[in-house]
Amino acid sequence: MSAPAAPGGAPATRLDRVLGGVERVGNRIPEPFVLFVGLFAVLAVVSTAMALAGVRVTVPGAQEETVVRGLFTGEGIAWFLGGVVDNFVSFPPLGTVVVILLAVGLAQRSGMLTALVALAFRGAPRWALPYAVALVCTVGSVMADSVMVVVPPLAAMVYRAAGRHPVAGLLTAFAAAGAGYSTSMVPTSLDALFAGITQSVVVGLPDPGTPVTPVSNWWFNIASSLVLSAVCGFLSSRVLEPRLERTGVPRQQRPDAEGPGAVDDVDDLQVDAVARRGLRRAGAAAAATALALVLLAVLPGAPLRNGSGGYLPESPLLDSTVFVVSALLAVPGLVHGFSTGAFRRAVDVPAAMAEAVRDMAPFIVLAFVLGQFIALFTWSGVGTWMAVAGADALRALDFTGFPAIVAFVLLCSLLNLFIVSGSSMWTIMGAVFVPLFALLGYEPAFVQAAFRIGDSATQVLTPLNPYIVVVLAMLRRWEPGAGLGTLIARMLPFTVFFWLAWVSVLTVWFLADLPFGPGQYARL
């Protein structure tokens, strides 16, 4: 008996049926706003029950115990009523998304992004696009979280212009940027952050090993970026895009589509003389902006240096990532807009920004309730208890050797579904596992490299990742009925094969005793 036809007319494959089941189950999850209201209520009850039971946990290296606190207590009610506004405005992705999308709105509505993408990719082989997009996004973590907001809609535009399915471009970019977030071919602020946390843990160890620096995982990250880009490009071409065609996902955006990530439906890659002139002037503006930023960072006494005159492990330069990305979008966008006539009066600029704000309104509403949930999760100590309880469970298995490292990666992957902040999770997990693995003879930088896998691979599956909601809003420009299950089902193959491929790279590095970075090996 032949397989039933998919909505697109082609026979459904076994993978279609499996992922279709995942999608149907996942789409029974309520809308994100309702979901997080429900999760907040559950967390409020659970935290209160744990607080009344006197649950407490000790993080190795901490001077005091972490006592689980409950919302429905006098302390909890006072905290919540006094902190609702702070919980909202201090929700980290809120500022990032708003500022970046304001800049993207200018660059998009000026016509610059459309012309730039057309000019940059018109000579690229059609088959190579998935691999190029994947490589840009894995390396793109140098832009911090901005990569998950800026690149996916541009990738959709590139795919569309090349005659490929734009939704495949959107989702390929998100998979590479999200599931491969902890790796890049160039050192990033995340490397500095992780290294600082790791080094603070090893201070009291009998054998602290080789000092951990922001480049301690560099060689491993370069290899991981290349492998993950190849895997991502292959999955995009052979799994994601064919399935989108079989299931009849539209190639055209809805005319009334709203939400972040607006892109143009580009049918060809032609750039007229007016747009070329605008791009030349925008390029000059971008170069001038970049030069100004470089001078602010490299001159003696420059304000973007830290107190010791450097940049690592912390500095104003590393804290300015969102501004740098926004400036390199907004300034050239303004120049291009006035050069081409897209902007004719000064009032056109705030009007374009206002349209961008209107597009992001659903995310801002969601950020309010998501910010309350994340704040309660952190304040209550439930997240810390989960991480330490998981570590204790793994330690009770009494693994030794490389299987213990793989089990550690798996535990981090599971915890990453609940604790999406890599720095928060590594602060806890590093304090537990760096000393534990040091007793087994493993370098702290090696343990940090293993953690990066678990911290990234499952990031595109959890509704707690705020950027999955942003991408879902983008996806609904083509599929208004898409839900969290739709996105999770399409990300699942990327997560599975990224995890397997990344662990395989780790295994090769371990067995071949290759350096993870300058002077860094697996064994003490």
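Just so it is clear, the structure is predicted and the values come from calculations on it, not from any experiment.
- At least one side-chain heavy atom of Leu487 sits less than 4.5 Å from a side-chain heavy atom of Leu171.
- Contact of the Leu334 side chain with the Ser110 side chain is not registered, since no non-hydrogen atoms from C-beta on lie closer than 4.5 Å.
- No more than 12 heavy atoms of other residues, nucleotides or ligands shown are found within 6.0 angstrom of CH2 on Trp385.
- Looking only at atom types and distance, the side chain of Ser236 has a donor-acceptor partner in the side chain of Tyr159 under 3.5 Å away.
- Using modelled atom types, one side-chain atom of Asp348 and one backbone atom of Arg345 make a donor-acceptor pair closer than 3.5 Å.
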**Prompt:** How far apart are the C-alpha atoms of Thr183 and Trp502, what are their side-chain angles, what is the distance that settles it, and do they pass the side-chain hydrogen bond (donor to acceptor under 3.5 Å, both in side chains) test?
**Reply:** CA-CA 10 Å; Thr183 188; Trp502 213 342; 5.1 Å; no
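- To the nearest 0.5 Å, the span separating CG on Leu228 from OH on Tyr181 amounts to 15.5 Å.
- The CZ atom of Arg69 sits 5.0 Å away from the CH2 atom of Trp379 when rounded to the nearest 0.5 Å.
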**Message:** Before you tell me yes or no, could you show the steps for Arg490 and Glu241 under salt bridge (charged side-chain N to carboxylate O under 4.0 Å, His left out), namely the whole-Å CA-CA distance, both residues' side-chain angles and the distance that decides it to 0.1 Å?
**Reply:** CA-CA 10 Å; Arg490 293 175 187 168; Glu241 193 167 9; over 6 Å; no
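- Closest approach of Gly163 to Arg126, counting heavy atoms only: O-NH2, 3.2 Å.
- Counting heavy atoms from C-beta outward, Leu129 and Arg164 have side chains that approach closer than 4.5 Å.
- Rounding to the nearest 0.5 Å gives a distance of 11.0 Å between CZ of Phe451 and CD1 of Ile453.
- Between Phe497 and Phe234, the ring centre distance reaches or exceeds 6.0 Å.
- Interatomic distance, Thr458 OG1 to Leu492 CG, rounded to the nearest 0.5 Å: 11.0 Å.
- No hydrogens or angles considered: nothing links the side chains of Thr66 and Thr384 as a donor-acceptor pair under 3.5 Å.
- Shortest non-hydrogen contact noted between Ile468 and Pro463 is CG2-CA, 4.0 Å.
- Atom CZ of Phe88 is surrounded by more than 12 heavy atoms from other residues, nucleotides or ligands within 6.0 Å.
- With salt bridges taken as basic N to acidic carboxylate O contacts below 4.0 Å, one links Arg452 and Asp191.
- The aromatic rings of Phe516 and Phe220 sit tilted relative to each other, their planes meeting at an angle between 30° and 60°.
- Contact check for Leu106 versus Met353: side-chain heavy atoms found under the 4.5 Å cut-off.
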**Asked** Step by step, would you call Leu415 with Met429 a side-chain contact (heavy atoms from CB on, under 4.5 Å)?
**Response** CA-CA 10 Å; Leu415 288 174; Met429 301 297 282; 3.7 Å; yes
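- Of the possible polar contacts, none joining the Arg476 side chain to the Gly481 backbone as a donor-acceptor pair under 3.5 Å is found.
- Inter-residue side-chain proximity for Ser326 and Val322 is flagged as met; some heavy-atom pair is nearer than 4.5 Å.
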**Asked** Given the rule in the salt bridge (charged side-chain N to carboxylate O under 4.0 Å, His left out) test, do Arg251 and Glu479 qualify, once you have shown the distances and angles that lead to the verdict?
**Response** CA-CA 10 Å; Arg251 284 173 170 260; Glu479 294 181 273; over 6 Å; no
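- For the atom pair CZ (Phe323) and CG (Leu304), the distance works out to 9.0 Å, reported to the nearest 0.5 Å.
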**Asked** Does the pair His165 and Val249 meet the rule for a side-chain contact (heavy atoms from CB on, under 4.5 Å), with working shown?
**Response** CA-CA 9 Å; His165 204 300; Val249 175; 3.8 Å; yes
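- Side-chain contact of Asp455 with Ser182: a donor-acceptor pair under 3.5 Å is present, judged by distance alone.
- Aromatic pair Phe373/Phe40: ring centres not closer than 6.0 Å.
- Residues Ile488 and Met491 form no side-chain contact, since every pair of their non-hydrogen atoms from C-beta on lies 4.5 Å or further apart.
- Checked by atom type and distance alone, the side chain of Thr462 never pairs as donor or acceptor with a backbone atom of Gln459 at under 3.5 Å.
- Partner of Leu461 under the side chain to side chain contact (heavy atoms under 4.5 Å, CB included) criterion, out of Asn416, Leu484, Thr495: Thr495 alone.
- Scanning both residues, Ala44 and Leu71, for their nearest heavy atoms gives CB-CD2, 3.4 Å.
- Contact between Trp218 and Met185 at its shortest, heavy atoms only, is NE1-O, 2.9 Å.
- Contact record, Ser339 with Gly278: CB-CA, 4.0 Å, taken as the closest heavy-atom pair.
- A donor-acceptor contact under 3.5 angstrom links the side chains of Asn217 and Gln448, judged on distance only.
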**Item:** Check against side-chain contact (heavy atoms from CB on, under 4.5 Å), Tyr131 and Ser229
**Value:** CA-CA 6 Å; Tyr131 300 93; Ser229 297; over 6 Å; no
**Request:** Given ring pair (Phe, Tyr, Trp, His ring centres under 6.0 Å), test Phe33 with Phe368 step by step and report yes or no.
**Result:** CA-CA 9 Å; Phe33 185 89; Phe368 174 76; 8.0 Å; no
**Request:** Carefully, step by step, assess Ser380 and Leu376 under the rule side-chain contact (heavy atoms from CB on, under 4.5 Å).
**Result:** CA-CA 6 Å; Ser380 67; Leu376 176 58; 4.3 Å; yes
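- At a threshold of 4.5 Å between non-hydrogen side-chain atoms, the residues Phe494 and Val231 do not count as touching.
- Scanning both residues, Gly105 and Ala356, for their nearest heavy atoms gives CA-CB, 4.1 Å.
- A heavy-atom distance below 4.5 Å is found between the side chains of Val409 and Trp499.
- Of the inter-residue distances, the one linking Leu464 atom CG with Leu370 atom CG reads 7.0 Å to the nearest 0.5 angstrom.
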